[in-house]
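Start at 1 and go down the list; that is how both ligands and their atoms are numbered. All figures in this text were calculated on a predicted structure; none of them were measured in a lab.
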Amino acid sequence: MAEGMFWADQIARSASGAQVVNDSKTPSGKVHVGALRGVLIHDVIYKALKDAGVKAAFYYGEDDYDPMDSLPVYLDKEKYAEHMGKPLSEIPAPDGSNQSYADFYMQDFREVYEKLGARPEIYKMSELYKKGRVNETIRKVLEHAETVRNIYKKVSGSDKGKDWLPVSVICEKCGKIGTTRAYHFDGTHVHYKCEPSLVEWAKGCGHEGKKSPFDGGGKLPWKIEWVAQWLHMGVTIEGAGKDHSTAGGARDVSEAVFREVFKKEPPRNVPYEFFLLGGKKMSSSKGLGVSARDISEIVPPELLRFLMVRYKPNTAINFDPEGETIPRLFDDYDAAAQVYFKKAEARDPDVPRIFALSQTKEAHEHFAPQFSFLSFVMQVPGANPHAEFEKQKGTPLSHEEQAVLKERTEYARIWLERLASEDAKLKILDHASTEWASLTDAQQTALNDFAGIFEKEPAQSKQIEAILAISTSRGIKIADFYSAAYTVFLGKKKGPKLVPFLNALNKSFVVQRLRGL
Ligand SMILES: [Zn+2]
């Protein structure tokens with residue numbers, strides 16, 4: 001492997017011994033596309049470790065014992081009011097099925113990242129708590145509660161008060177975990193009060209009592225739950241989003257607890273930036289949401305991986321799916337394939353590795369139908385994309401190429417319907433006499449000249465040469481030739497690449513139109 005290697009390969013090279021990669025997520029509703037970046041960064045690290053011959057595991061924690069602390073706008077407020085503050089694993093799913101709220105949303109997210117080729121081993125925090133796997137960690141932090149309080153104060157400036165305990169128990173009366181305040185640990189039980197106004201998002205019932213925090217009776221605050229995951233899974237590498245990785249942030253608190261209470265070295269952090277969605281307007285005007293599922297429906301899996309993998313973790317991604325973003329993403333992906341298969345030179349030495357790590361199945365070299373040309377051909381009445389691309393390729397399309405064409409056709413349809421700008425939408429004029437009349441004499445003559453060439457010369461390269469020659473001989477700029485042609489076919493001065501465009505249309509129709517008939 002060359003120097004200046006891909007970032008994940010650098011991590012893999014510097015790893016010593018077996019590695020455990022971990023990521024986790026609170027299933028508080030539809031999972032935002034940003035969380036997908038976390039999964040893919042960890043997946044890429046995991047794959048780089050495997051490629052480097054390092055023994056590695058990849059875990060994904062579902063933090064489903066966290067309380068419901070906000071209500072997504074798409075849910076019924078009245079129906080969920082009574083559940084605010086309960087663990088997400090104990091709340092019913094919105095579809096009325098008997099799975100939990102947490103499972104409902106995590107399953108949806110899991111389907112998306114599995115389609116993208118990430119297959120971590122999943123664990124649920126609710127199960128670890130209930131099976132007693134976190135008991136020892138809970139006991140230890142309760143016994144070191146003062147140290148933990150001091151760490152919160154010293155690292156993050158958060159003063160929890162002198163009787164605060166790093167555990168939340170589930171209220172025996174109302175089942176809420178987000179509303180209880182634990183204030184005394186007697187060695188077996190935690191004394192707590194379910195406070196009506198401890199948090200703004202849920203109302204406690206006022207019950208006061210004592211309860212074992214073990215075997216699912218309680219949970220750790222999330223910064224310490226992170227520590228429990230590191231301990232339990234033996235995590236050696238875990239990246240954290242920018243919001244958690246700032247000085248004095250969650251990660252710093254967790255690391256300090258890990259060092260001072262458990263006397264262990266925390267996992268390697270790979271801080272990563274946000275995945276932002278530009279163009280907020282799209283969410284309302286075009287019905288496009290911002291969940292991982294929504295984005296996975298507008299871009300195929302390899303392309304979505306490519307979009308995430310090509311940026312270094314410390315670079316923010318601002319993705320605006322409207323306009324030309326998606327056609328350009330396809331073009332970049334196809335260009336990367338050319339480099340990977342050694343058909344083109346790379347400007348960025350990481351390109352072959354990025355392409356390889358974007359795959360969800362084995363990559364083969366094949367002809368790729370250009371997305372923007374495909375989107376255009378699909379709009380030409382009577383045109384046949386399969387035939388057009390065979391013409392372009394020069395030989396019949398293989399099975400794989402046909403499958404790629406079929407897949408791209410589906411995504412192009414979505415793009416045209418939901419995301420493309422008006423410029424990308426084409427309507428061939430039924431009649432063009434007004435448009436023809438708007439041209440100069442020189443433009444009309446030039447189009448007429450070209451009609452004769454187009455009729456006899458099938459080679460597109462020759463047609464392009466002819467346009468140049470005709471424009472020169474008729475004394476017009478080449479741009480004026482193009483705008484004249486677009487005017488009579490589309491009623492506008494711009495359009496897709498002219499020569500492939502004309503060749504995708506019915507030949508005698510093109511000849512007639514070029515003659516102003
Ligand atoms: Zn209560």
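Using a distance-only test at 3.5 Å, with no hydrogens or angles considered, a donor-acceptor pair links the side chain of Tyr101 to the main chain of Ser28.
Both the sub-6.0 Å distance and the 45° axial angle are satisfied by Lys30 relative to the ring of Tyr74. Remark: Arg251 qualifies as a cation-pi partner of Trp226 under the 6.0 Å distance and 45° angle criteria applied to the six-membered ring.
Protein N/O/S atoms closer than 2.8 Å to the Zn ion (ligand 1): Cys171 SG, Cys174 SG, Cys194 SG, Cys205 SG.
Under a cut-off of 6.0 angstrom, the local environment of CD in Glu410 is crowded, with over 12 non-hydrogen atoms contributed by other residues, nucleotides or ligands.
Annotation for Ala228 and Thr137: closest pair CB-CG2, 4.0 Å, computed over non-hydrogen atoms.
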The test is side chain to side chain donor-acceptor pair (under 3.5 Å); show your working for Thr325 and Asp320 and say whether it passes.
CA-CA 7 Å; Thr325 301; Asp320 182 348; 5.3 Å; no
